[in-house]
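In what follows, a single structure is set out as structure tokens and then discussed.
Keep in mind that what you see is a predicted model, and the values were worked out from it rather than measured. Every chain is numbered from 1 and lettered A, B, ... according to where its sequence line falls, protein lines coming before strand lines.
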2 protein chains.
Amino acid sequence: MDEVELSEAEFLAGYDPGAYPGVGLTADIVALTLIDAELCVLLIKRGGHPFKGCWALPGGFVNVDESSVQAATRELAEETGVELFHLEQLGTYDTPGRDPRMRVASVAYLAVLPEAVGATGDDDAVAAEWWPVGELDELELAFDHARIIADGVERISAKLEYTALATSFLRAPFTMGELRRVYEAIWVRTLHAANFRRKVLSAAGFVVPAGQTRSVGRGARVETFCAGAAVVLYPPIVREVHQS
Amino acid sequence: MDEVELSEAEFLAGYDPGAYPGVGLTADIVALTLIDAELCVLLIKRGGHPFKGCWALPGGFVNVDESSVQAATRELAEETGVELFHLEQLGTYDTPGRDPRMRVASVAYLAVLPEAVGATGDDDAVAAEWWPVGELDELELAFDHARIIADGVERISAKLEYTALATSFLRAPFTMGELRRVYEAIWVRTLHAANFRRKVLSAAGFVVPAGQTRSVGRGARVETFCAGAAVVLYPPIVREVHQS
DNA sequence: TAAATAGTGTCTCTAAGACACTATCAT
DNA sequence: ATGATAGTGTCTTAGAGACACTATTTA
């Protein structure tokens, strides 16, 4: 077949991209935040087929000139009005048949937003709402989104141990108690306040004192902190899985 | 537009998949093994354009009726002749322009194989070879494969700490020294043999005694072990990043 | 003044890291 | 015999978890 040796330019000029059947590429976002000390995920009520009326992750098709991470950033900014948030790739879901319309590969992203971000449905959706992850069993979720959300929650739960991600759930300045409640909400357990404080302060660069105090509840005025420069925590804030 | 309310079946019957421009979906594999106490990655010398003559990760287009993980499994089995190996999704790389032929989203997989697996080039390739990851600077790598390999090596390095993945590099039964050399090769450092043994044995389910001994080098006969049932290690085998 | 919050002191116990030592066997 | 390997004993130090206690301020 290839009797004549082609240069790369000549090869590309004669190349027909249509020879391979393409798949749809979408970016879906597991956006997490804390509302009233509960871990919540942003969901959209689908207004069109398929899975009409079910709840689904925000997301959509990736444009030809953008990457999936750019698509995820764009979609989430449209949906929440927030410009700054933590975003990382969660995984790709591409089982044949997961979308009844066509072959679709969905690159899922995990986003972490500070509390009290408004959710406003855009044109495609009839409603966007934050749902506590503990109450998703009662919901009909579209596609394989239940699995994607579960993977996202597991990821965030694990990353709290060895990264400074918890601060992404908060606005600076925050108190040590607020930071502790991030961990408690996600790990669904109570933590020892005194030991937690010591562990956080001993993790270099996790938080830095904001130099202010704040009155909280009916307790004494308490110190506030801002996120430090550390991305990875050492020593980690270990989840005490193996308690007695 | 949508004046008549359609059922999902009616909607799907009238749906045109060609309305969305599809992208090429490929599965690429970062296959790692240990050869002579060096971490090596399987590479294919490309016989065709683009990047003709460069080294690339094994992989290829995902068939319409298979998932990307099935495609990765198939490709790697063809390439190495091995049926059993650890395989996990590494991430998806879909920046526009990363493949000059067309828009391609590549789902990268990380595979771990025991030593001494033959590499045999298949039809598409002129050569398949294991390359030490420390020597990749001297190689011309195709596409963004250098980045993908770097991500894979980082992933395996991190997962050695808290998972039992190291045993996937070995065939049972193995000695404690062989297991230690897996860690030493990947972390590029020496470990304290006595403390390493204690840590491995204290991680529940990491290894189980094979009940045999073996003569190794000019030392005494040593105990051998098999992989245990544990996937996650507790306590973890910590990389002593923060040594004095 | 009572309750709720943050924050400190300190005790116990476990585990990590270091080092010395023993055991065994190929060369 | 020597040297290389596995494997044990044990010491020091750091950190986790638990508990008691203090401090402060609002309801």
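- Residues forming a ring pair (Phe, Tyr, Trp, His ring centres under 6.0 Å) with A:Phe143 (at least two apart in sequence, or on another chain): A:Phe51, A:His145.
- Salt bridge present: A:Asp151 and A:Arg147 bring a charged side-chain N and a carboxylate O closer than 4.0 Å.
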Nucleotide by nucleotide, nucleotides 9-15 of chain D touches protein heavy atoms under 4.0 Å in the pattern (B base, S sugar-phosphate only, - none) BB-----
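- B:Arg214 and B:Glu178 are joined by a salt bridge, as a carboxylate oxygen and a charged side-chain nitrogen come within less than 4.0 angstrom of each other.
- Residues from residues 174-184 of chain A lying near DNA chain C, meaning a heavy-atom separation below 4.0 Å, are A:Met176, A:Gly177, A:Arg180 in numerical order.
- Salt bridge A:Lys159/A:Glu88: present, at least one basic N to carboxylate O contact under 4.0 Å.
- Every side chain to side chain donor-acceptor pair (under 3.5 Å) that B:Gln70 has, sequence neighbours left out, goes to B:Ser67.
- Side-chain contact, A:Tyr93 with A:Asp28: no donor N or O sits under 3.5 Å from an acceptor N or O.
- For A:Thr73 and A:Tyr109, the side-chain atoms include no donor-acceptor pair closer than 3.5 Å.
- Rounding to whole angstrom units, CD1 of residue B:Ile237 and C1' of C:dA15 are separated by 12 Å.
- Between B:Phe196 atom CZ and D:dT5 atom C1' the separation is 15 Å, expressed in whole Å.
- Among A:Leu76, A:Ile29, A:Thr33, the one residue that satisfies the side chain to side chain contact (heavy atoms under 4.5 Å, CB included) test with A:Phe85 is A:Leu76.
- Across residues 205-219 of chain A, A:Arg218, A:Gly219 each have a non-hydrogen atom less than 4.0 Å from an atom of DNA chain C (numbered order).
- In this structure, A:Leu201 places its CG atom 12 Å from C1' of C:dA6, rounding to the nearest Å.
- Residues meeting the side chain to side chain donor-acceptor pair (under 3.5 Å) test with B:Asp144, sequence neighbours left out: B:Arg98.
- Atom-to-atom, CZ of B:Arg239 to P of C:dA16 comes out at 16 Å; the value is rounded to the nearest Å.
- Whole-Å rounding puts the B:Glu223 CD to C:dT24 P distance at 14 Å.
- Under the 4.5 Å side-chain criterion, counting only non-hydrogen atoms from C-beta, A:Glu223 is not in contact with A:Gln212.
- Comparing B:Pro236 and A:Phe225 along DNA chain C, the residue whose closest nucleotide (by nearest heavy atom) sits nearer the 5' end is A:Phe225.
- Using modelled atom types, one finds no donor on one side chain facing an acceptor on the other under 3.5 Å when comparing A:Arg180 with A:Thr175.
- For A:Arg197, a side-chain nitrogen or oxygen approaches OP1 or OP2 of C:dT8 to under 4.0 Å.
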